[in-house]
Q: 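Next up is a structure, given as structure tokens.
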Amino acid sequence: MAPRITGKASAPDSRLRFDPLALGLEPFPRAFYLLDTTRVARTIVGAWLARRHGNHWYGARIVETEAYLGSTDAAAHSYRGRRTPRVEPMYLEGGHLYVFFVYGMHCCANVVTQPAGIAEAILLRAAEMTGQAPANLLSGPGKLCAALGINISHSGLDLLADCDVRLFQPRKEKVRVGVSRRIGVDYAGDAAAWPLRFFDMDSDAVSGPAKLRAKQ
DNA sequence: CACATGATCGCCT
DNA sequence: GGCGATCATGTGG
């Protein structure tokens, strides 16, 4: 049986090297991931996504997210309770990772929220590593996964366990968070217009048309 | 800026 | 068999 296609090589971009411990970053507690999904999506703007590869850590500061609200959200993979092997990680307890493969060449990473059995998640759309990497390296969900070497093999991982992908709280800073409709879900009817996309208004790494970068 | 298109293939109906 | 939670590139205004 041929190995499953994962979309990208697993090595992260060397420019994303960093040390979460030296920076004093702290992980989110489990309870955080059980809060309202929309609120979690907003709070994650400014948080740090980290990936371990070999003896090193690589990471970036998240600057754009989208909330997907489960069975009642026509844009969500779990719409109407759809439950297939691919989507299964969305049904795990909040704090797990859900990664899917699309368009034959890209992976997209999500942070699962809510108690086990409620399939809501937050798509990580863009991130930055100012001063170390160009602003366009992680400016889009597919590019974010490619740069950090995140692929299907990471789907289902627990961000709070001793595994290779982690999420840390933002450092003390105030982030101006803009809101807009979600990108790439025009097929979802009314849900396509829901204001569930959140982004750092002061970041150059946010993806999507400039039209959707104005505040609320 | 707005569209339009090709690449590429797993997933679901 | 059709399409997608994308991206890069191309055209035209």
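All chains are named by letter (A, B, ...) in the order of the sequence lines, taking the proteins before the strands, and each is independently numbered beginning at 1.
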Q: Is it the case that the side chains of A:Tyr98 and A:His77 hold a donor-acceptor pair, with the cut-off being a distance below 3.5 Å and no angle test?
A: yes
Q: Quick check for you: among B:dA2, B:dC12, C:dT6, whose closest atom lies nearest to any side-chain atom of A:Lys211?
A: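 Looking only at side-chain atoms, A:Lys211 lies closest to B:dA2.
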Q: Where the side chain of A:Lys143 is concerned, which of C:dA8, C:dA5, C:dT6 is the nearest nucleotide?
A: C:dA8
Q: Going from CH2 on A:Trp194 to OG1 on A:Thr38, what distance comes out if it is rounded to the nearest 0.5 angstrom?
A: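 Result: 10.0 Å between the selected atoms.
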Q: For the residue pair A:Ile152 and A:Val99, what are the closest heavy atoms and their distance?
A: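 In this case the closest contact between A:Ile152 and A:Val99 is CD1-O, 3.6 Å.
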Q: Applying a 3.5 Å limit to both distances, which nucleotide forms a Watson-Crick or G-U wobble pair with B:dT8?
A: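 Its partner is none (no Watson-Crick or G-U wobble pair with both distances under 3.5 Å).
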Q: Let me know the distance between CZ of A:Arg82 and C1' of B:dC11, rounded to the nearest Å.
A: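 Spelled out: CZ on A:Arg82 to C1' on B:dC11 is 8 Å.
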Q: Would you kindly give the CZ-to-P distance between A:Arg182 and C:dT6, to the nearest whole Å?
A: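 Nearest whole value for this atom pair: 12 Å.
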Q: For A:Asp186 and C:dT6, what is the distance between atoms CG and P respectively, to the nearest whole Å?
A: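 Going from A:Asp186 (CG) to C:dT6 (P), I get 10 Å.
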Q: I'd like to know if the side chain of A:Arg197 pairs up with that of A:Ser180 as donor and acceptor (distance under 3.5 Å, no hydrogens or angles considered).
A: yes
Q: From the set C:dA5, C:dC7, B:dA2, return the single nucleotide nearest to any side-chain atom of A:Tyr68.
A: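 Nearest listed nucleotide: C:dA5.
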Q: How many Å lie between CD on A:Glu120 and P on C:dA5, as a whole number?
A: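 The answer, rounded to whole Å, is 17 Å.
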Q: Looking only at side-chain atoms of A:Met105, point me to the closest of B:dC11, B:dG10, B:dT8.
A: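 Selected nucleotide (nearest to the side chain): B:dT8.
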Q: Report yes if at least one side-chain N or O of A:Arg197 is closer than 4.0 Å to OP1 or OP2 of C:dA5; otherwise report no.
A: no
Q: Can you tell me how far P of B:dC9 sits from CZ of A:Phe101, to the nearest Å?
A: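 That distance rounds to 7 Å.
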Q: Of the candidate nucleotides C:dA5, C:dT6, B:dG10, which contains the atom at the shortest distance from the side chain of A:Asn110?
A: C:dA5
Q: Without decimals, in angstroms, what is the distance between A:Arg86 CZ and B:dC9 C1'?
A: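 After rounding, the gap between these two atoms is 12 Å.
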Q: Which nucleotide, in any strand shown, forms a Watson-Crick or G-U wobble pair with C:dA5, with both distances under 3.5 Å?
A: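 C:dA5 is unpaired by these criteria.
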Q: Less than 4.0 Å between a side-chain N and a carboxylate O, is that true for A:Arg42 and A:Asp36?
A: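 Not counted as a salt bridge, because no side-chain N and carboxylate O are separated by less than 4.0 Å.
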Q: Mind calculating the distance between OH (A:Tyr79) and C1' (C:dG4) to the nearest angstrom?
A: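 Atom OH in A:Tyr79 sits about 17 Å away from atom C1' in C:dG4.
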Q: Let me know the distance between OH of A:Tyr103 and P of C:dT6, rounded to the nearest Å.
A: 5 Å
